[in-house]
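As a basis for the values below, the full set of heavy atoms in this structure was taken, side chains included, without hydrogen atoms, waters or symmetry mates. Just so we're clear, the structure is a prediction, and the values are computed from it rather than from any experiment. We name chains A, B, ... by the order of the sequence lines, and we start the count at 1 in each one.
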2 protein chains.
Amino acid sequence: MNRLTIGLKQAGLRLTPQRVAICKILAESKDHPTAMMIYHQLLPQFPTLSLATVYKTLNVLKSMGLVHTLGDAGDGAEHFDADLTPHINLVCVRCNSVVDFDEGLIHAVQQAVEQRSGYEIQGARIVYYGLCPQCRVNGTAKQQESAQ
Amino acid sequence: MNRLTIGLKQAGLRLTPQRVAICKILAESKDHPTAMMIYHQLLPQFPTLSLATVYKTLNVLKSMGLVHTLGDAGDGAEHFDADLTPHINLVCVRCNSVVDFDEGLIHAVQQAVEQRSGYEIQGARIVYYGLCPQCRVNGTAKQQESAQ
DNA sequence: TTTGCTTCAGAAAATGATTTTCCATAGGAG
DNA sequence: CTCCTATGGAAAATCATTTTCTGAAGCAAA
């Protein structure tokens, strides 16, 4: 029972096994999964699981503001992030990995933006993309040819 | 002849009228257009223009690093940004508008990230989303139902 | 428990953005 | 002028995501 399932319950939605499982993956994973990744991860456990169910649940969580979307990481699919604390995502353009990164300065940035722009800020998507340390070293051929 | 067309030429690509026109729109527009928006904007001028041509050109520019992509702004389509200087994009979740915002602090953020993460940073996507001042005031119904 | 209403998962079809394929042509090199 | 490659356009293909429809629970009230 984590923040996500509690949120669903408080909203009056049913805690079905599928939803609980999806929430669990989101809450525990550090790799910012896509709907497809969640689907495959749960298939052994729920052989009849439908991708539509995953998408529906993710959209519910998103519309409730319980998860954020990062946009695609070069693989053409939407990545989800259950970590709502302001943080930076580092995307490697070669291996398509996404990792979190904490940088205290961004709190100040958000404050400044909020005050100077007049926007009512609901969320942020701070993504830096480039080569991760590992791919910088490997330097040569692409590790995965990407899914484009 | 702007930075984009020069870039295409230097890469040995032909400066066709279509490409020049697409570059022109990218270089001049402030509203971070999608492929579809560019397509419609050019249709009067090039009645036989194909969406595929727009996408191909945009992908060329993107792979050359001459434009950035912002991810979708809530309308399910990729938005392009020809302004490569580090800046913030503010997305209004109600009217789907995208505006630039300058905040000096982000230079320091990027420096810090680069040094502490070990990543070779090639670009950034810094998007804050929420309600723009106008939509905060109007408060009620959606202004535009999306740009499809 | 039984009745009736509402929500949900799943399958399949639909949608819509983006990409690919194929072909005729325009431009440049020699 | 001739060859060769890059290009635009039309149409088909892809692929992620959404919608529709249906039957099966879950829940409330009697």
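Counting to the nearest Å, the P atom of dT19(C) and the CE atom of Met36(B) are 12 Å from each other. Atom-to-atom, CG of Leu15(A) to C1' of dA25(D) comes out at 15 Å; the value is rounded to the nearest Å. Between His79(A) atom NE2 and dA16(D) atom P there is a gap of 11 Å when expressed in whole angstrom units. Going from atom CG of Leu42(B) over to atom P of dG9(D) covers 10 Å, rounded to whole Å. Nucleotide dA11(C) holds its C1' atom 10 Å from the OH atom of Tyr39(A), rounded to whole Å. The distance between atom CG of Leu51(B) and atom C1' of dT14(D), rounded to the nearest whole Å, is 16 Å. As rounded to whole Å, 10 Å separates atom P of dT18(C) from atom NZ of Lys62(B). Protein atom NZ of Lys9(B) is 13 Å distant from nucleotide atom C1' of dG27(C), rounded to whole Å.
With 3.5 Å as the limit, one finds no donor-acceptor pair spanning the side chains of Asp102(A) and His87(A).
For the side-chain contact (heavy atoms from CB on, under 4.5 Å) test, residues two or more places apart in sequence or in another chain that qualify with Glu120(B) are Leu131(A), Arg136(A), Gln122(B). Evaluation of the side-chain contact (heavy atoms from CB on, under 4.5 Å) rule for Tyr39(A) yields Met36(A), Leu43(A), Leu49(A), Leu51(A), Val54(A) as partners, not counting sequence neighbours. Scanning for side-chain contact (heavy atoms from CB on, under 4.5 Å) contacts around Glu114(B) gives Gln110(B), Ile121(B), with sequence neighbours left out.
With rounding to the nearest 0.5 Å, the separation of CD1 in Ile126(A) from CD1 in Ile106(A) is 4.5 Å. One distance of note links CD1 of Ile88(A) with OG of Ser117(B); it measures 9.0 Å at 0.5 Å rounding. The OG1 atom of Thr57(B) lies 4.0 Å from the CD1 atom of Ile22(B); values are rounded to the nearest 0.5 Å.
Remark: Tyr55(A) is not in phosphate contact with dT18(D), judged by side-chain N or O atoms under 4.0 Å from OP1 or OP2. The shortest distance between the side-chain N/O atoms of Asn59(B) and the OP1/OP2 oxygens of dT19(C) is below 4.0 Å.
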Letter by letter from the 5' end, nucleotides 2-10 of chain C scores (B base, S sugar-phosphate only, - none; protein heavy atoms under 4.0 Å) ----BBSBB
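With the end axes of the helix from dT1(C)-dA30(D) to dG30(C)-dC1(D) each set by five pairs, the angle from one to the other reads 30° at 10° resolution.
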Please test Val99(A) against His32(A) for side chain to side chain contact (heavy atoms under 4.5 Å, CB included), starting from the C-alpha separation and ending with a verdict. CA-CA 8 Å; Val99(A) 306; His32(A) 308 81; 5.8 Å; no
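Applying the under-4.5 Å side-chain rule to Ile, Leu, Val, Met, Phe, Trp and Tyr, the cluster around Met37(A) consists of that residue alone.
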